[in-house]
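Comments concern the structure below.
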Amino acid sequence: MDQKIYTKDMFVLVQENERLLDKKFKTKQLTYFQDAMLRFTKNKYNVTATVILAIMILLSIFVPIITPRNLYLQTNSSLTTLPPRIPLLEQLGIFDGTKEFRDQPIDYSTIDPETGLGYPTIGFQADYFLFDTLTNQDVIGTDRSPQFRGGTNELFVDTERIAYSIVTPAAITFLTGHTIEVNINEIDPAGVLKVYLSAQPLGSAYASWDLLPLIGTITEAGVHVLDPMTAVANGVARYVVFKYELPAVSETGTEYVSFTSIAVKNAADVAVNFYDGYPLAMFPLYTIDTLMENGRFLRKNAIMTTADFRYDVYDALFADQRTTIGDDEYFRILEENEGMEESIVPDPDNPDGWLFGEGYPIVSVVRVEVLSLPGTGITATNYIVMLDGAYALDFESTPYFLFGTDVFGRDLFTLIWLGLRTSLLLGFMAACVNIFIGIIWGATSAYYGGQVDIMMERFTDIWGNFPQITMIAIITVLIGPGFTALFIFMVYDGWIGAAHVTRSQFYRYKGREYVLAARTLGASDSRIIFKHILPNALGTIITRVILSIPSVIFLEVNLSYLGFGIGNGSSFHIGPVELTGTSIGVILNDGQQQIFAGNLWMVIFPTIIVSMLMITFNMFGNALRDALNPQLRGS
Amino acid sequence: MTRYIIQRVVWIFIILFTTLTITFTLLKLAPEYPPTKNEEKDTWLEKQVQDGFYTSVYYSIDDPEDMAAVDYIRANEPGINQSVFIVNPVRDSGVIKVFYRVPIITQYFRWIENIVRDWNWGTSTKIRVNVPAFTIIAEKMPLTLYLNLAALIFYLPFGFFFGILAALKKDTVLDNIMQVLIMVFLSVPALVLLLTLIILLSYQLNLLPSLFPLVGIESFWKVAQGFVIPVLAVGLPSIAGLTRILRAELSEVLTSEFVLLAKTKGLSHTQAVLRHAIRNSLVPMVPIIIGSFAGLLGGSFILESVYAIPGVGRVTLQALVAGGYDYNVILVSSAFYSTIGLSTALIVDLSYGLIDPQIRMGAKR
């Protein structure tokens with residue numbers, strides 16, 4: 001068999017003149033992160049969300065720094081529960097510093113004859129009502145209170161009892177021609193209403209009903225006129241007793257007489273004493289035979305008028321206040337405010353006082369009084385002045401509390417950003433700890449595999465199955481609520497998620513050739529883990545952790561709300577950064593009790609802010625995941 | 001398969017046991033908080049002696065030597081009012097009792113023995129004094145479970161409906177609106193959602209009670225009204241979650257070849273989806289739905305606390321009032337939450353195999 005022989009001259013080099021090198025790309029080259037950035041900016045919604053998130057984070061850093069500390073750290077009793085007031089928007093009639101009040105019992109003397117509407121006067125000043133929002137409605141009740149008017153009063157006899165009586169609260173002096181007019185709404189025909197006169201206010205003064213003069217017996221409903229003058233001399237004072245009497249003991253306890261009104265009229269038919277509604281309800285009870293007489297005196301169908309209205313809380317609070325100040329104080333204010341003295345003009349309406357120009361702490365002086373201590377020759381001068389409302393509360397002008405104030409009189413706007421800062425910082429710190437522990441745990445578990453992996457997996461199984469509430473219980477019992485406890489709640493099982501992701505990423509990469517190559521070259525385990533595998537897996541792990549921050553903040557809000565986290569008053573220092581005990585959860589907890597007082601802004605604003613934070617954070621996390629791991633998009 | 005189930009059940013018991021052991025040990029490291037009233041304290045501590053957690057020494061009030069000894073304990077015992085308690089004479093008995101807590105390890109074995117033999121979980125110290133802790137939790141269980149079942153029943157149909165709708169109308173305006181809503185409902189914390197619902201439905205519209213009505217006193221109709229807000233608060237985020245998963249799942253199935261085949265046969269798009277695609281996309285849904293039950297339950301304590309629902313979560317939180325911890329109640333409720341969580345996990349695991357035979361149980365990786 002011939003063997004073909006290949007000689008060297010049979011071969012020709014493909015090219016001899018040039019060296020073969022990689023060709024340069026015609027298009028621009030992108031690094032991994034540039035590429036990711038490109039993908040990130042492609043989704044406009046997510047970019048918007050990221051910008052909003054960034055603004056919120058900046059606000060949470062700078063707002064508490066700019067705002068004076070006394071506005072959000074100190075309790076300020078005069079500024080409590082002020083509604084939101086926002087510049088510009090107030091022109092449109094929303095967030096204009098007015099507050100809606102509901103079901104406030106009105107002062108009946110304020111009822112306008114034209115509109116028939118009344119308003120409350122206790123705690124409210126007439127000048128600051130928004131009268132076009134005022135509405136009245138009637139509430140029917142049985143309260144024995146002066147707020148309720150009219151209605152009837154019913155005198156019941158209890159079971160196993162025979163009678164029950166009421167008496168006028170004061171003795172009535174009877175003159176010739178006086179009559180008693182009793183208006184009965186209903187009377188149970190089982191019994192009769194007997195009217196007596198009594199010299200004493202208490203039945204215990206008498207041994208028997210026979211000792212009292214009977215002036216009338218009423219058996220049916222309607223207006224009855226009784227003549228007391230048959231039983232009493234002219235000019236003598238007597239109490240009038242009304243006794244509802246049954247022929248035999250009551251079996252059901254439902255027999256009653258219902259009074260509409262009781263009046264004592266003089267000869268000219270003018271009511272001297274008139275009792276109905278509330279005054280009638282306050283009639284004392286009168287018993288002679290305490291064993292046989294008992295019952296109930298109940299009010300029915302009484303009507304209370306309540307008002308719903310909007311009230312300008314800011315104007316009312318920051319109105320000029322009339323106060324008396326000493327002359328030292330007066331001259332000090334004049335000295336401190338340049339040009340104030342020169343701005344004085346006489347008050348055309350008040351010859352004793354004078355007016356100041358705009359923008360000074362004192363609006364006007366009403367009058368000056370000079371007091372001299374008798375015998376000593378020492379005199380003191382007092383100025384009765386109208387103090388500018390804002391100045392009295394330490395403000396330059398009427399302030400704008402953008403989100404209102406809370407129950408402690410603190411500025412809610414600053415408080416929310418302060419709380420957000422605490423929540424965010426805790427969230428970031430917890431995420432860092434979680435990622436740190438998670439990476440070490442997951443990397444070790446996956447890299448060594450086998451028995452080590454199984455043992456570590458079983459441990460996370462047990463640890464992860466620990467019910468959250470049990471962990472809360474244990475930590476609360478052992479440490480007590482506070483920053484440390486909150487931080488432990490956040491990290492005790494948070495790292496398991498990061499560990500799982502790291503582990504699966506490591507399983508993906510540890511069999512690759514470059515790892516084998518590194519090992520062949522003698523690289524140590526830690527070098528392979530941290531220098532070769534981890535950088536490849538980092539993208540996935542980071543997005544996972546960023547996506548976990550909202551849930552950590554969730555947890556903080558929930559726990560602080562329940563009182564297992566931080567609370568008002570606690571504080572914590574990390575280097576130069578001070579974390580106050582105010583967080584969104586704490587603010588929500590304070591605000592929830594105010595919902596039914598109508599102070600809704602205390603819940604609405606923190607709710608909106610925390611929801612915005614969560615939504616933008618999630619969108620940012622999703623965008624980051626799509627950008628770093630395009631293969632996971634949409635999952 | 002059987003082997004796998006047995007393995008899983010055994011493993012669940014191991015986890016439950018470990019959890020309770022850790023909880024017991026850590027709680028018993030903290031000071032004890034017996035009932036405050038002297039007589040109740042006496043009854044409770046005597047019961048503890050009977051259960052083997054304490055030992056007692058009796059001193060006579062008439063004996064000066066005994067009194068000196070009691071005074072000495074009162075003044076010098078380091079664990080006084082933490083692990084050593086002195087009970088003043090009850091009902092003119094003339095006996096001062098001093099109770100000492102036994103070491104944790106002894107308590108632990110007695111505790112297990114009591115539970116295994118008599119199902120005795122100890123008595124409550126603060127919630128309802130001297131009532132068995134298990135009874136307290138067991139009484140509250142039905143309401144918590146009803147509430148979660150109601151939420152489950154509420155959210156499933158809506159979740160399926162919106163999920164299918166979103167997948168059918170994928171990338172239309174409707175789908176985009178739904179995506180935004182899903183994002184919002186998944187992002188807003190349950191607490192915030194609950195407060196918003198209370199403000200809207202209860203304060204502004206006056207439709208529903210602002211707190212959960214008293215069960216047993218109020219009528220059935222009133223109690224049913226009380227379910228609305230909590231069920232909505234739990235249900236809305238669940239609907240959003242289910243819609244999102246179902247949409248993703250269904251859109252993936254819609255690209256598969258058998259749907260294409262169905263369409264080639266002449267079925268309309270909707271028919272193809274309803275007849276063929278949904279069935280296949282349901283496979284991964286079942287475990288998710290079962291698993292969501294445990295999730296709902298785990299989050300129920302915040303709900304119960306805000307809306308004043310007298311369920312397990314609320315009682316557990318009451319047992320955690322600072323300075324008045326009720327350890328036995330905490331232990332029972334831990335057992336309750338662990339058991340529910342773990343058994344749900346087991347059912348989820350098994351349901352994978354039952355629904356989709358392609359997944360082999362306990363197969364080696």
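Just so it is clear, the structure is predicted and the values come from calculations on it, not from any experiment. Sequence lines set the chain letters: A, B, ... in the order given, protein chains first and strands last, and positions in each chain run from 1.
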Quick check: closest heavy atoms across [X] and [Y], and the distance to 0.1 Å?
X	Y	answer
Ser334(B)	Pro467(A)	O-CG, 3.8 Å
Ser305(B)	Leu562(A)	OG-CD2, 3.2 Å
Phe554(A)	Leu186(B)	CZ-O, 4.2 Å

- Task: Heavy atoms only, distances under 4.5 angstrom: which of Thr196(B), Leu16(B), Ile340(B), Val306(B) has the most pairs with chain A? Name it, please.
- Result: Val306(B)
- Item | Option that, when pairs with chain A are counted at under 4.5 Å, heavy atom only, ranks first among Thr18(B), Ile22(B), Leu191(B) |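 The option with the most such pairs is Leu191(B).
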Need one label for [X]: side chain, backbone, both or neither, based on atoms under 4.5 Å from any heavy atom in chain B.
X	result
Ile462(A)	both
Val557(A)	both
Met612(A)	neither
Val603(A)	side chain

In Å and rounded to the nearest 0.5 Å, what is the [atom1] to [atom2] distance from [X] to [Y]?
X	Y	atom1	atom2	result
Leu600(A)	Tyr203(B)	CG	OH	5.5 Å
Ile604(A)	Ile199(B)	CD1	CD1	5.0 Å
Thr316(B)	Ile472(A)	OG1	CD1	10.0 Å
Thr470(A)	Phe336(B)	OG1	CZ	11.5 Å
Leu588(A)	Leu194(B)	CG	CG	11.0 Å
Trp11(B)	Arg458(A)	CH2	CZ	5.5 Å

Pick one of side chain, backbone, both or neither for [X], based on which atoms fall under 4.5 Å of a heavy atom in chain A.
X	result
Thr19(B)	both
Thr23(B)	both
Leu26(B)	both
Tyr325(B)	side chain
Tyr33(B)	neither
Leu320(B)	both

- Message: If you count every heavy atom of other residues, nucleotides or ligands that lies below 6.0 Å from Glu252(B) atom CD, does the total exceed 12?
- Response: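 No, the 6.0 Å shell around CD holds no more than 12 heavy atoms from other groups.
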- Within a radius of less than 6.0 Å around OH of Tyr45(A), do more than 12 heavy atoms belonging to other residues, nucleotides or ligands occur? no
- Item | side-chain contact (heavy atoms from CB on, under 4.5 Å) partner of Ser187(B), chosen from Asn618(A), Thr616(A), Leu613(A) | Asn618(A)
- Side-chain heavy atoms of Ile15(B) within contact of Phe466(A), under 4.5 Å: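 Contact flag for Ile15(B)/Phe466(A) side chains = no.
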